[in-house]
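In what follows, residues are counted from 1 in the order of the sequence shown.
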Amino acid sequence: MTTKTDATNTTNTLQAYQKREALNRWLLSLPALSIIMLAAIGPLLIMLMYSFMVKGDYGGVKLWEFSLDGWMNVFLQRDIFDDTLGFADAHLTIFWRSLKLSILTTLTALAFGFPTAYFIATRPKHTREIWVFLITIPFWANLLIRTFAIQEVIRNEGIINNTLLAVGIIDSPIQMLYTDGAILFGMVYVYLPLMVLPLYASMEKLDFRLVEAGYDLYATRWKVLKRIILPMVKPGMIAGCILVFIPSLGAYVTPRLLGGGKNMMLGNLIESQFGAGRNWPLGSAISITLMLVVMFALLFYVRNVTRSGAGHG
């Protein structure tokens with residue numbers, strides 16, 4: 001009887017201790033949660049409210065005047081002559097360009113980042129930190145400075161054109177700046193380290209004895225890559241793709257400087273609505289739409305990582 005009473009007291013004491021620990025953790029995280037609520041969720045709620053209001057005459061919104069025009073104008077527009085609804089071709093073009101360039105940026109970064117991460121992961125341990133350090137060097141410079149540097153490389157009087165002219169391969173400069181290709185090149189350069197680092201983190205944990213075993217069983221390099229390496233580093237691949245896709249989808253500085261005014265992306269479209277367009281409800285609706293796309297991408301990432309973890313578990 002005494003033993004049973006002691007066990008019950010021990011259980012109650014343990015439960016009370018766990019409750020105090022949980023309360024302490026919540027109290028310790030309260031400052032961070034408060035900052036997140038004020039600095040992240042608060043502005044998003046304001047944008048959501050603005051998207052359902054009437055635009056002001058000179059910018060801003062007319063408070064407490066409800067309207068769905070902001071959301072309707074994301075993909076539709078009214079004809080100025082007969083007031084009929086039609087697709088907003090300019091917005092759809094910008095949406096498609098943003099999605100296309102973001103996907104191409106992600107795939108190109110993966111194509112260059114995967115062998116780079118594999119190279120680093122197969123180096124001796126005492127040299128890996130040096131290679132990772134070199135990968136992070138671009139982050140030392142401001143994004144704006146790096147984008148201006150890319151301009152100097154691809155403009156008509158830049159390094160590439162001057163080199164090709166000097167060698168005699170071309171007779172006149174190639175127009176590379178202010179094109180979709182320039183935006184793609186710039187975003188791959190900017191976001192490539194975000195692909196390499198997660199891939200390297202996964203490959204560093206890879207047991208390369210499995211790769212050697214595959215070769216010992218006469219598997220080709222393609223089969224070793226497909227059946228051993230790729231399944232093991234899949235979480236790193238997904239994480240790298242998400243880290244590249246999300247910022248490239250809402251990129252502003254790189255498309256603005258390398259694409260010019262005629263090659264806008266979603267970030268530039270949102271800025272124009274809050275600036276020259278003076279249509280805050282539309283800008284807010286596009287911002288929320290972009291956030292929803294990012295949210296679905298994150299849900300896709302979490303779902304795949306969970307499945308991968310369950311499969312390997």
Side-chain angles (χ1 to χ4, degrees), residues 44 47-48 51 70-77 85-114 143 146-147 150 154 176-196 198-199 234 236-277 279-305:
L44 289 177
M47 289 294 100
L48 183 61
S51 67
W71 286 98
M72 182 188 67
N73 292 333
V74 173
F75 298 108
L76 300 174
Q77 64 180 4
L85 282 176
F87 286 108
D89 295 335
H91 292 178
L92 293 175
T93 300
I94 293 172
F95 267 94
W96 167 242
R97 180 185 296 117
S98 301
L99 184 62
K100 176 185 68 175
L101 289 177
S102 298
I103 294 175
L104 289 176
T105 299
T106 303
L107 295 177
T108 307
L110 179 62
F112 285 98
F114 190 93
L143 174 60
R146 284 183 282 163
T147 307
I150 297 173
I154 64 177
M176 292 181 285
L177 196 60
Y178 306 136
T179 62
D180 287 351
I183 299 175
L184 176 63
F185 177 76
M187 292 200 299
V188 170
Y189 165 72
V190 169
Y191 300 122
L192 182 59
L194 298 180
M195 178 67 74
V196 174
L199 281 171
K234 183 181 177 181
M237 292 176 59
I238 297 175
C241 290
I242 292 296
L243 289 175
V244 173
F245 178 79
I246 290 177
S248 63
L249 187 62
Y252 171 76
V253 175
T254 303
R256 179 68 181 84
L257 295 179
L258 300 183
K262 63 179 182 179
N263 296 83
M264 297 178 64
M265 290 181 63
L266 282 175
N268 310 108
L269 177 61
I270 294 171
E271 185 275 336
S272 68
Q273 298 304 322
F274 282 98
N279 193 340
W280 287 23
L282 177 57
S284 301
I286 297 174
S287 301
I288 299 299
T289 302
L290 176 60
M291 187 195 70
L292 292 175
V293 173
V294 171
M295 184 183 68
F296 285 124
L298 289 175
L299 290 175
F300 173 80
Y301 164 68
V302 172
R303 183 179 179 183
N304 278 271
V305 169

**OP:** Compare all side-chain heavy atoms of P281 with those of W71 and state whether any distance is below 4.5 angstrom.
**Re:** no
**OP:** Apply ring pair (Phe, Tyr, Trp, His ring centres under 6.0 Å) to Y178 and list each qualifying residue two or more places apart in sequence or on a separate chain.
**Re:** none
Show me, pair by pair, the donor-acceptor contacts under 3.5 angstrom made by side chains of residues 249-260, not counting sequence neighbours?
none

Original post:
How far does CE of M47 sit from CH2 of W280, to the nearest 0.5 angstrom?
Top reply: 7.5 Å
Original post:
Quick one: CE on M265 to OG on S102, what's the gap to the nearest 0.5 Å?
Top reply: 4.5 Å
Under 3.5 Å, which donor-acceptor pairs do the side chains of residues 285-292 form with other protein atoms, sequence neighbours left out?
unit_1 : atom_1 : unit_2 : atom_2 : d
S287   : OG     : G283   : O      : 2.8
T289   : OG1    : A285   : O      : 2.8

**OP:** Can you measure from OG (S272) to CD1 (I94) and round to the nearest 0.5 angstrom?
**Re:** 7.0 Å
Original post:
With a 4.5 Å heavy-atom cut-off, do M195 and T106 have their side chains touching?
Top reply: yes
**OP:** First locate atom CG of N263, then atom OG1 of T93, and finally report the distance between them rounded to the nearest 0.5 Å.
**Re:** 11.5 Å
**OP:** Calculate, to the nearest 0.5 Å, the distance between atoms CZ and CG belonging to F245 and L99 respectively.
**Re:** 5.5 Å
Original post:
Rounded to the nearest 0.5 Å, what separation is found between the OG atom of S248 and the CG atom of L184?
Top reply: 10.0 Å
Subject >> Shortest non-hydrogen separation from Q273 to L282 and the atoms involved >> reply: OE1-CD2, 3.4 Å
